[in-house]
Amino acid sequence: MADPGPASFSTRANALLRKNLTYQKRNLWSNVRLIMIPFYLCLILVGIQILFDTQVNNSADNRCGCQCIVKNGDGKCERKSCGFEYSSPDQAFFCSIPSPTRWPPLLQIPRPESRDVRDLGDDSCRRTGSCPVTILFTGNNNSLGTTVSENLLTSSLSVNISDLLLTSANNVLGTSSEADFTNYLDPAIALNLPIYNIQPQCIPNATFPFSFGQPPLMFQKELRCVEGSNRWKNTSREVNDEIFKGYRKGNREGNINEIAAGYDLLNTDSNNFNVHIWYNSTFKEGSRNRLIKLLRVPRSVNLVSNAYLQFLQGPGTRILLEYIKEMPKPETRLRLDIASLIGPLFFTWVILLLFPVILSSLVYEKQQHLRIIMKMHGLGDAPYWLISYAYFLTISMLYVICLMIFGSAIELNFFRLNSYSIQFIFYFLYLNLQIALAFLVSSMFSKVKTSTVAAYIYVFGSGLLGLFLLQFLIQDSSFPRGWIFFMELYPGFSLYRGLYEFSQFAFRGNLRGEDGMRWKDFSDSAMDDVFYIIIVEWFLALIAAYYIDKISSSGKDVLFFLKNPFKKTPPLRRPSLQRQGSKVTVEMEKTDVTQERQRVEQLMLDPSTHAIVCDNLKKVYPGRDGNPPKLAVRGLSLAVPSGECFGMLGPNGAGKTSFINMMTGLLKPTSGTGLVQGLDICNDMDRVYTSMGVCPQHDLLWETLTGREHLLFYGRLKNLKGSVLDQAVEESLKSVNLFHGGVADKPAGKYSGGMKRRLSVAISLIGNPKVVYMDEPSTGLDPASRKNLWTVIKRAKQNTAIILTTHSMEEAEYLCDRLGIFVDGGLQCIGNPKELKGRYGGSYVLTMTTSSEHEQIVEKMIQDVSPNAKRIYHIAGTQKFELPKEEVRITEVFQAVEKAKSNFTVFAWGLADTTLEDVFIKVARTGQAFNVFS
Ligand SMILES: *[C@@H]1O[C@H](CO)[C@@H](O)[C@H](O)[C@H]1NC(C)=O
Ligand SMILES: *[C@@H]1O[C@H](CO)[C@@H](O)[C@H](O)[C@H]1NC(C)=O
Ligand SMILES: *[C@@H]1O[C@H](CO)[C@@H](O)[C@H](O)[C@H]1NC(C)=O
Ligand SMILES: *[C@@H]1O[C@H](CO)[C@@H](O)[C@H](O)[C@H]1NC(C)=O
């Protein structure tokens, strides 16, 4: 098969994309469930709205034109009268009003308990509610001013029964209740509130029955007389002081002394009329929904104009403000869009819910080391980032588009009234920020469980805090806007703020029968701040995530720049040869290992001839908690040509895995280097990965992908395409015995341990990599599969260099061309299995079991046969001897044993040639003895 060369960026991206799509297809149901969440929430909103509509908006009590006339004790309506266009300020909002009623213009006066009593000397009038209403005057000409102020109020109530509006225009009527948002129905008249007629003098407790409005909307009320007192002030400054001191918030003693109105006549004379009017505008605000209430100013303007006219022309002339009347309007159906009001909380949850999904998917690949294994098979950082990002963005956008379509389809004003382009851009930006944040945050978690829990706390916490804290503060107009901006830097709050603005615009638009947010409202809706915050944070999060990923994949601590540079690492302890002066072992280390070292030094001049060259590779783990640093690999030199399988034996913890991790780029060597195909593992790892295969010690597989899909994915990463890919996958599956019985198409999560192992080996070999590392490939396999696997490996090694670690001597002997025994971070010996056996196993092993009193005799007998024999083991009559091959002949041993048998009972005996296992145990033991004190 021709070498297809390293895969291009698009090929790798394609491989990852296809894998992700298959993965999502497997998780179809959880995806459907995810998409259903916005659907359910929208339905809940619609349900709440319907409930609200039937109970409140369209309830019989609130039907247009019906009015409750008699209420029973529980507040329920007993008798209703219908036939009006509208009958309450609430109804006036939504009912159709083709010919609005005329209402008398009222003067806004302070409530009885807060009227100015400073001139009276005592405040006893407050208890009876009969305090006078104060009106202040000032101007340049005192005498003119006094005349005008005297004309302001009429001295007695003049009533014309046949024309009530004229009557109310001729008299000064006032109220202390707020006006409404519209003038369709004045609450002062429609509700049970007093109406005052203001006169210079009053008979105490005088009232007068009066009816307001036109048929059919008539209200019977009583006019209460209240005294109006005009006071002259010398300058407008004094008027200001007077008002300020009486103002509730301006006065420390809590004495409220409010005035009804103030007039500054300025330079008014008989030719000019020039006036400044003070009025109380506090009533304007105070609504939660930022609707602006009307102010009762017209009557105040009319009063002073009328008074001036009378000053000029005498009491017979008048300008009358007879009535005020709203414009006609059509009916609007829904008044209170409750769904829009609770929308921000729901939709914050809906959108934030994607966060745990993305985060756990990223952390899963990290936790299962799938990210690193993909990297080892040639998937670079750039395609991984790009595809994952694009992929999450697509999923998120689909999700939000579904939400918008659902919401619009079931007629939620939240979606329908606001401009779709603003909504789309807002969600798009926020989702980008959310994905970038997930990448950033994923570097802080290593467990899917913790990350999921934390993410859900974030989701629900943000929604609730948004509702109860942020929204509360936004509505409190005295809270500094700067702080709100600061709070919105928290991503959950910027989302909440954006949705809150949408909801407010939708609510108001619906109420007024207008559109919601449009681009022209953009800058005065605080939406612009939210957009800026999101865009800036998005870029920052991307940069930070990229930076942290780079740092952590290069093995450094993320916060390395915060580390104390003056803190010393404990000094390295050198192995001290003197303390364990075993000459034998020192020499043993020298011979073959030194030869290999020299060979590597030669090769370093032209390293590309060998597939793998390690030059004096060292790994030191820094000391922790006062322990000295640990030498995991101490100066390893090794060269493996293509076509060779190098076996690495060694006890657990000897440093084999550290070595493989360095060669596969998981760890950076402390010193020395390794070259793969002439490429340096410290600098060129990305290129090394394109021709490398790894079978890790623990199977790194996606539970839901099938064996075939795994191989297809990794095959594509190795740049196999089309029929070549299919064929390679097919062969691969057959060779590891996963082809038959549909095993290849079962999810890997259902495989037995052995099957997973075989799949891992197949993955490491697909695409004919130049270098393959296998960490204990056959652990957990039954003998038949193991044989099978060996054949596969043997076939694969023809043009590949394989480094294989194993605990099975049989495997090592069968597969490996050369073996190295690795003890405590260093190679103890190196050579082909036969050589090693010959070198270290130059002896027979004789085992003999007798009763224990014969031990001495047996030992003596062996000494006779072989003077240099060593007893290596004895317990309760069983003894083991090592007999050097050069001084014994087997026949002599047999004769000696026969002779012994005739003298005493020999329970059992045996003579064996050394096995690789003996070599291993011997080398490992001496190696460890050598290193134990270092
Ligand atoms: C003030 O107004 C009166 C008319 O009421 C006028 O006769 C008088 O000249 C004015 N005084 C000044 C200083 O303009
Ligand atoms: C009362 O009003 C009617 C209608 O405007 C008018 O004709 C009549 O003269 C008025 N009566 C008085 C006493 O002003
Ligand atoms: C206002 O001015 C008049 C005359 O100019 C003076 O008599 C009076 O004391 C002044 N009032 C106040 C409160 O200053
Ligand atoms: C204006 O009216 C409000 C509401 O009644 C009141 O609290 C406030 O003190 C008034 N302001 C002045 C200057 O009188």
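Side chains are part of it too, since the values below use all heavy atoms of this structure and drop only hydrogens, waters and symmetry mates. Indexing begins at 1, ligand by ligand and atom by atom, following the structure's order.
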Nearest heavy atom to [atom]: which of [options] does it belong to?
{"atom": "atom 2 (O) of ligand 1", "options": "Asn141, Asn140, Leu144", "answer": "Asn141"}
{"atom": "atom 3 (C) of ligand 4", "options": "Asn280, Asn257, Ile256", "answer": "Asn280"}
{"atom": "atom 4 (C) of ligand 2", "options": "Asn170, Leu164, Asp163", "answer": "Asp163"}

(message) Can you confirm if the NZ or CZ of Arg481 lies within 45° of the ring axis of Phe479 and under 6.0 Å from the centre of its six-membered ring?
(response)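 Verdict for Phe479: no cation-pi partner in Arg481.
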
(request) Run the numbers on Ser143 and Asn141 for side chain to side chain donor-acceptor pair (under 3.5 Å), then give the verdict. (result) CA-CA 6 Å; Ser143 70; Asn141 189 331; 3.0 Å; yes

(request) Report yes if the distance between the aromatic ring centroids of Phe347 and Phe415 is under 6.0 Å, otherwise no. (result)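 Ring-ring flag for Phe347/Phe415: true, centres closer than 6.0 Å.
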
(message) Quick check on Glu178 - does any of its heavy atoms sit under 4.0 Å from an atom of ligand 4?
(response)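 The answer is no: ligand 4 sits nowhere under 4.0 Å from a heavy atom of Glu178.
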
(request) Just jot down the ligand 1 atoms closer than 4.0 angstrom to any heavy atom of Ser143, in number order. (result)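 Reading through ligand 1 atom by atom, the close ones are 1 (C), 2 (O), 3 (C), 5 (O).
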
(request) Using the side chain to side chain donor-acceptor pair (under 3.5 Å) rule, pick out the option among Asn267, Asp264, Asp269 that qualifies with Asn274. (result)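 With Asn274 as partner, Asn267, Asp264, Asp269 yield a single side chain to side chain donor-acceptor pair (under 3.5 Å), made by Asn267.
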
(request) State, without any angle test, whether Arg299 and Asn302 hold a side-chain donor-acceptor pair at a distance under 3.5 Å. (result)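 There is such a pair between these side chains.
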
(request) Taking atom 7 (O) of ligand 2 as the reference point, report whether a protein heavy atom occurs under 4.0 Å from it. (result)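 Protein heavy atoms within 4.0 Å of atom 7 (O) of ligand 2 - there are none.
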
(message) Out of all atoms in ligand 2, which are within 4.0 Å of some heavy atom of Ser162? Include the element for each.
(response)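 Heavy-atom distances to Ser162 below 4.0 Å select 1 (C), 2 (O), 3 (C).
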
(message) Over 60° means perpendicular and under 30° means parallel, so tell me whether Trp103 and Phe219 are parallel, tilted or perpendicular.
(response)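 Rings of Trp103 and Phe219: tilted, as their planes differ by 30° to 60°.
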
(request) Report the nearest protein non-hydrogen atom to atom 10 (C) of ligand 2: residue, atom name, distance rounded to 0.1 Å. (result)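 Protein heavy atom at minimum distance: Asn160 ND2, 2.3 Å.
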
